[in-house]
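Below: one structure, written as structure tokens.
If you're wondering where the values come from, they're calculated on a predicted model, not measured in any experiment. Just follow the structure's listing: the first ligand is 1, and inside any ligand the first atom is 1.
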Amino acid sequence: MLTLGIETSCDETAVALVREGREVLADVVSTQIDIHRRWGGVVPELASRNHVMQLFPVMQEALSRAQVTLDAVDEIAVTSGPGLQGALLVGVQAAKSMALAKGRPLIGVNHLEGHLLAARLMAERPEPPFFGLVVSGGHTTLYEVAAFGQYRRLGTTRDDAAGEAYDKVARVLGLPYPGGVPIDQLAQNGDPKAHRFPRAMPAPDEVDWSFSGLKTAVLHHVQKHGAPQGQALADVCASFQEAVADSLTQKMINAVKRSSTKQVVMCGGVAANSRLRQLAQERCAENGLRLFLPSVKLCTDNGAMIAVAGYEAFRRGVTSPLSLDADPSWRLA
Ligand code: KG4
Ligand code: ZN
């Protein structure tokens, strides 16, 4: 079974070919970050327009790397939500056209399910039941995965998503968009204990996060002391990053520890963060939990995760009609 996975929900045009839901033959990602960077965030119209221009070259590249033609594809999976409506529509329309032209099944995939199932591409992969923390630009949510297709939302952020906090703090610090990678890099040389930024624990026994207070604390720091440079900038980045990693891992582990299920997946763009990866590994080990942490490339947006989620959906008999539409606010659970 060869699955084509298409992802155009935000600012990455991505196409992958995955065999039997686990062997990645090609995974091509074309990022539009350079186009959006000067606006300080993703501009929806520019995103849609660039997906239109990039999707077919990216698809050609994926087919060529996998050394197959479209005729060899058995099913077509596409992100149909959540995300930017215009951006999603580009992928959905392309997938529908190919499904119709080639007479192949079409599967509309939830982007968050894609992030969770990216862990199925790891050499040792999780079998349900497991927990999954999705930490991305738009989401910070812990799910319980009872079975493929059965997701329960255990908790989420009350305000900003973790990635959003990275991006906003980067802007305050005069760093480029998106802020995750530059803050992560600068933090390597910084002291995480230089500043004690707040770790909001809105309700200690509940699974919920809040990052707006942390973001405001960094803003106040900059207003009081001026924009940090050199070592001072590295220290602010490291201290901010420590606060994010600390609150994400603490709440995740507290929630998982209460259950008899001892497996947890951490995924989404922010799960590419070096300190978060390290702290999650340490704390899961200390608490007897098995952590599944996909590679950095599989954490950020890609087509392979969409192919895997589509493959699993198809195996349980789920397909989408050719009337499939983009659903910008599709909730996974
Ligand atoms: O999952 P993703 O690629 O797209 C969404 O579905 O949102 O996540 C993008 C987010 C951005 O906010 C970006 O700043 C953040 O992931 N990110 C990181 C790192 N790499 C990407 N955050 C922290 N550290 C990183 N290394
Ligand atoms: Zn994503």
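With a cut-off of 2.8 Å, the Zn ion (ligand 2) has no N, O or S atom of C10 in range. Metal site remark for the Zn ion (ligand 2): H115 contributes an N, O or S atom at a distance under 2.8 Å.
A donor-acceptor distance shorter than 3.5 angstrom exists from the side chain of H36 to the backbone of V43, with no hydrogens or angles considered.
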Which pairs of donor and acceptor atoms, one on a side chain in residues 324-333, lie under 3.5 Å apart (sequence neighbours left out)?
{"residue": "D327", "atom": "OD1", "partner": "S329", "partner atom": "N", "Å": "3.3"}
{"residue": "D327", "atom": "OD1", "partner": "W330", "partner atom": "N", "Å": "3.3"}

Provide, line by line, the atom pairs where ligand 1 and the protein bring an N/O atom each to a distance under 3.5 Å; else say none.
{"residue": "ligand 1", "atom": "1 (O)", "partner": "H115", "partner atom": "NE2", "Å": "3.1"}
{"residue": "ligand 1", "atom": "1 (O)", "partner": "G269", "partner atom": "N", "Å": "3.0"}
{"residue": "ligand 1", "atom": "1 (O)", "partner": "D301", "partner atom": "OD1", "Å": "3.1"}
{"residue": "ligand 1", "atom": "3 (O)", "partner": "D301", "partner atom": "N", "Å": "3.2"}
{"residue": "ligand 1", "atom": "3 (O)", "partner": "D301", "partner atom": "OD1", "Å": "3.4"}
{"residue": "ligand 1", "atom": "4 (O)", "partner": "D301", "partner atom": "OD1", "Å": "3.3"}
{"residue": "ligand 1", "atom": "4 (O)", "partner": "D301", "partner atom": "OD2", "Å": "3.1"}
{"residue": "ligand 1", "atom": "6 (O)", "partner": "H111", "partner atom": "NE2", "Å": "3.1"}
{"residue": "ligand 1", "atom": "6 (O)", "partner": "D301", "partner atom": "OD1", "Å": "3.4"}
{"residue": "ligand 1", "atom": "7 (O)", "partner": "G137", "partner atom": "N", "Å": "2.9"}
{"residue": "ligand 1", "atom": "8 (O)", "partner": "G137", "partner atom": "N", "Å": "3.4"}
{"residue": "ligand 1", "atom": "12 (O)", "partner": "G163", "partner atom": "O", "Å": "3.2"}
{"residue": "ligand 1", "atom": "12 (O)", "partner": "D167", "partner atom": "OD1", "Å": "3.4"}
{"residue": "ligand 1", "atom": "12 (O)", "partner": "D167", "partner atom": "OD2", "Å": "2.8"}
{"residue": "ligand 1", "atom": "14 (O)", "partner": "D167", "partner atom": "OD1", "Å": "2.7"}
{"residue": "ligand 1", "atom": "14 (O)", "partner": "G180", "partner atom": "N", "Å": "3.0"}
{"residue": "ligand 1", "atom": "24 (N)", "partner": "N273", "partner atom": "ND2", "Å": "3.0"}
{"residue": "ligand 1", "atom": "26 (N)", "partner": "D184", "partner atom": "OD2", "Å": "3.0"}

Go through the steps for F211 and Y166 under the test ring pair (Phe, Tyr, Trp, His ring centres under 6.0 Å), then give the verdict.
CA-CA 10 Å; F211 294 103; Y166 263 93; 8.9 Å; no
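Taking 4.0 Å as the cut-off between side-chain N and carboxylate O, E286 and R283 do not count as a salt-bridged pair.
More than 12 heavy atoms of other residues, nucleotides or ligands sit less than 6.0 Å from atom CZ of R316. For R125, the CZ atom is densely surrounded, since the number of other residues' heavy atoms within 6.0 Å is greater than 12.
Between P82 and H139, the closest heavy-atom pair is CG-CE1, 4.0 Å.
Among heteroatoms of the N, O or S kind in D301, OD1 lies nearest the Zn ion (ligand 2).
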